[in-house]
Amino acid sequence: MTRRVVTLTVNGRTHALELEPWRLLLDVLRRELKLYGAREGCGAGVCGACTVLCDGRPVSSCIMLAIHADGCAITTIEGLARDGQLHPLQQAFLEHPAFQCGFCTPGMIMAAKALLDQNPAPSDEEIVEHMQGNLCRCTDYTGILAAVRAVRDHPGLASRGARSA
Amino acid sequence: MRFDVLEPRSVQEAVDLLAARPEERRVVAGGTALIVFLKERAYTPEALVSLHRVPGLSGVEPEDGGLRIGAMTRLADVHRDARVRAECPVLAEATRVVANARIRAVATLGGNLCHADYHSDPPGVLLALGARVQVRGPAGERDIPIAEFYRDFYETSLRPGEIAVAIRIPGSPLARTGVYQRHMYSARDDWPCLGVTALAEVDETCRTLRLALAGVANRPLRLTWVEEQAVGRRADAALAAALADLAAEGVDPISDLKGPDWYKKEMVRVCVAEAIERAFERARPAGRRE
Ligand SMILES: Cc1cc2nc3c(=O)[nH]c(=O)nc-3n(C[C@H](O)[C@H](O)[C@H](O)COP(=O)(O)OP(=O)(O)OC[C@H]3O[C@@H](n4cnc5c(N)ncnc54)[C@H](O)[C@@H]3O)c2cc1C
């Protein structure tokens, strides 16, 4: 089957990739671009471990055709830190702490980023409603929700690190 | 999982591509339902006909006092739309609760309807509203009332080569005050066990009632035998309870992972009573609250 050129701007870098038409976005990010932050959990859009942002919208990259992301700006967990400085959400997840094994964490953080980018001051209820689509099977959700609330309440949280030093 | 993806630039080209080999090709909109089915080999098409580059298939517009929603309008854009919220809040509610934020950001209203899952949230609401699906196919254009759109589990009355292009919702006071509520058996982002739509027009008495259920049969079900019994009776909690009994007695729910038949029957009784009572309350003219 003829391959297609699919152009993806991932974390600010533009790639023109020659892909078979059936390739899924998650598979392309991991195999072609070696970005291993987004994971395959359920493979069916339920668990959120593969969450990335596509033109700012959170998507399940495990069930999205790469062709459907042609021309889009994709943000993955690898695109959040700047100059060795963690993103406020990454910093908050560390401090609370909001994870144990870390499998779901990139998806959790990307889901939270999608929410706060769109609505910087969500209510506690809105945070729960938005984050309920991301599953964690080993730590508890209270730390995760506390980390998201902390960034909502103090958006500059991470600047306590080297950036402000 | 291997297939080609065809990318037509117009509805006519999409119809032509599909009609050329209807058995081997399948429409893809957002892909959120289809890709899962392809992974499981439930369908094995040789090619997908993607609508993502076809212009003019998304957006909400006023039409004949009602609304016309393009088939490719994403669920998140349906429930955030100011017109939908103002004129058809019951549909905003039914699209806002679907799955999770990632699915709603990609899944389309047309894809939701055409997937024809029996516990889908929006179809029951659209059935109660008397909506129609506007389709284009090799023989031209036609409208299919939602009441005739569903055949069976995952089966619609679309003919080979036909594509849904829009959903037409007639303008009606019922759309402004209706209630949609789901009964959940597990987590909130899961499919519902039951989806209940209740639309009412009320003065002292109930003038009109429309009632639809998702999750009980192979397709969304309109409970006309209950609706008829409501007309002209005092719109209160006692009537809601009596109607809910009629609803529960009249349905023969299918058992599935969301609950066995007997459980669903009892939940129909509980949820329908609550939904009708809320619909009466919302529909009551201001100053006549009970
Ligand atoms: C994890 C998960 C949870 C979910 N939970 C819910 C839920 O709680 N409630 C609910 O209602 N739904 C739920 N869904 C289903 C979801 O609503 C559908 O996946 C989605 O709406 C399908 O839209 P799509 O644009 O992605 O369609 P696609 O996946 O692209 O297509 C779905 C089907 O419709 C056909 N099709 C699509 N568009 C057209 C068209 N314009 N004309 C003709 N045929 C067409 C395709 O050929 C395919 O058979 C869930 C899905 C997932 C993955």
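What you see below is based on every heavy atom in this structure, not just the backbone, and it leaves out hydrogens, waters and symmetry mates. Just so we're on the same page: letters track the sequence lines, and every chain starts at 1.
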### Query
Among B:Leu48, B:Leu38, B:Val36, B:Leu34, which has the most heavy-atom pairs under 4.5 Å with chain A?
B:Val36
### Task
Of all the heavy-atom pairs spanning B:Ala279 and B:Ala198, show the shortest one and how long it is.
CB-O, 3.6 Å
### Message
Does the plane of the ring in B:Tyr185 sit parallel, tilted or perpendicular to the ring in B:Tyr263? Use 30° and 60° as the thresholds.
### Response
perpendicular
#### Entry: From CA spacing to verdict: side-chain contact (heavy atoms from CB on, under 4.5 Å), A:Leu94, A:Phe99
CA-CA 8 Å; A:Leu94 271 176; A:Phe99 55 88; 4.0 Å; yes
### Query
Just by modelled atom types, is the B:Leu113 backbone N or O under 3.5 Å from a matching donor or acceptor in the B:Tyr150 side chain?
yes
### Query
Between B:Lys264 (side chain) and B:Ile254 (backbone), is there a donor-acceptor pair under 3.5 Å?
yes
Measure [X] against the heavy atoms of chain B and call it side chain, backbone, both or neither at under 4.5 Å.
{"X": "A:Leu65", "result": "side chain"}
{"X": "A:Leu24", "result": "side chain"}
{"X": "A:Cys54", "result": "neither"}

### Query
Around atom CD of B:Glu23, are there more than 12 heavy atoms of other residues, nucleotides or ligands at under 6.0 Å?
no
Could you pull out every donor-acceptor pair under 3.5 Å between chain B and chain A?
residue  : atom : partner  : partner atom : Å
B:Asp4   : OD1  : A:Arg4   : NH2          : 2.6
B:Val5   : O    : A:Arg4   : NH1          : 3.0
B:Val5   : O    : A:Arg4   : NH2          : 3.2
B:Glu7   : OE1  : A:Arg4   : NH1          : 3.4
B:Lys39  : NZ   : A:Gly43  : O            : 2.9
B:Lys39  : NZ   : A:Cys62  : O            : 2.8
B:Ser50  : OG   : A:His68  : NE2          : 2.7
B:Arg53  : NH2  : A:Asp70  : OD2          : 2.8
B:Arg80  : NH2  : A:Gln118 : OE1          : 3.3
B:Arg96  : NH1  : A:Glu129 : OE1          : 3.0
B:Asn100 : ND2  : A:Gly45  : O            : 3.1
B:Arg102 : NE   : A:Ser60  : OG           : 2.8
B:Arg102 : NH1  : A:Gly133 : O            : 2.8
B:Arg102 : NH1  : A:Asn134 : OD1          : 3.2
B:Arg102 : NH2  : A:Gly45  : O            : 3.0
B:Arg102 : NH2  : A:Val46  : O            : 3.3
B:Arg102 : NH2  : A:Gly133 : O            : 3.2
B:Ala105 : O    : A:Arg57  : NH1          : 2.6
B:Arg188 : NE   : A:Gln132 : OE1          : 2.9
B:Arg188 : NH1  : A:Glu125 : OE2          : 3.4
B:Arg188 : NH2  : A:Gln132 : OE1          : 3.2

### Query
What part of B:Ala107 is in contact with chain A, defined as an atom under 4.5 angstrom from a non-hydrogen atom: side chain, backbone, both or neither?
neither
### Results of salt bridge (Lys or Arg N to Asp or Glu O under 4.0 Å) for B:Asp16 - residues two or more places apart only
none
### Message
Testing the 3.5 Å rule here: is there a donor-acceptor pair between the side chains of B:Tyr118 and B:Asp256?
### Response
yes
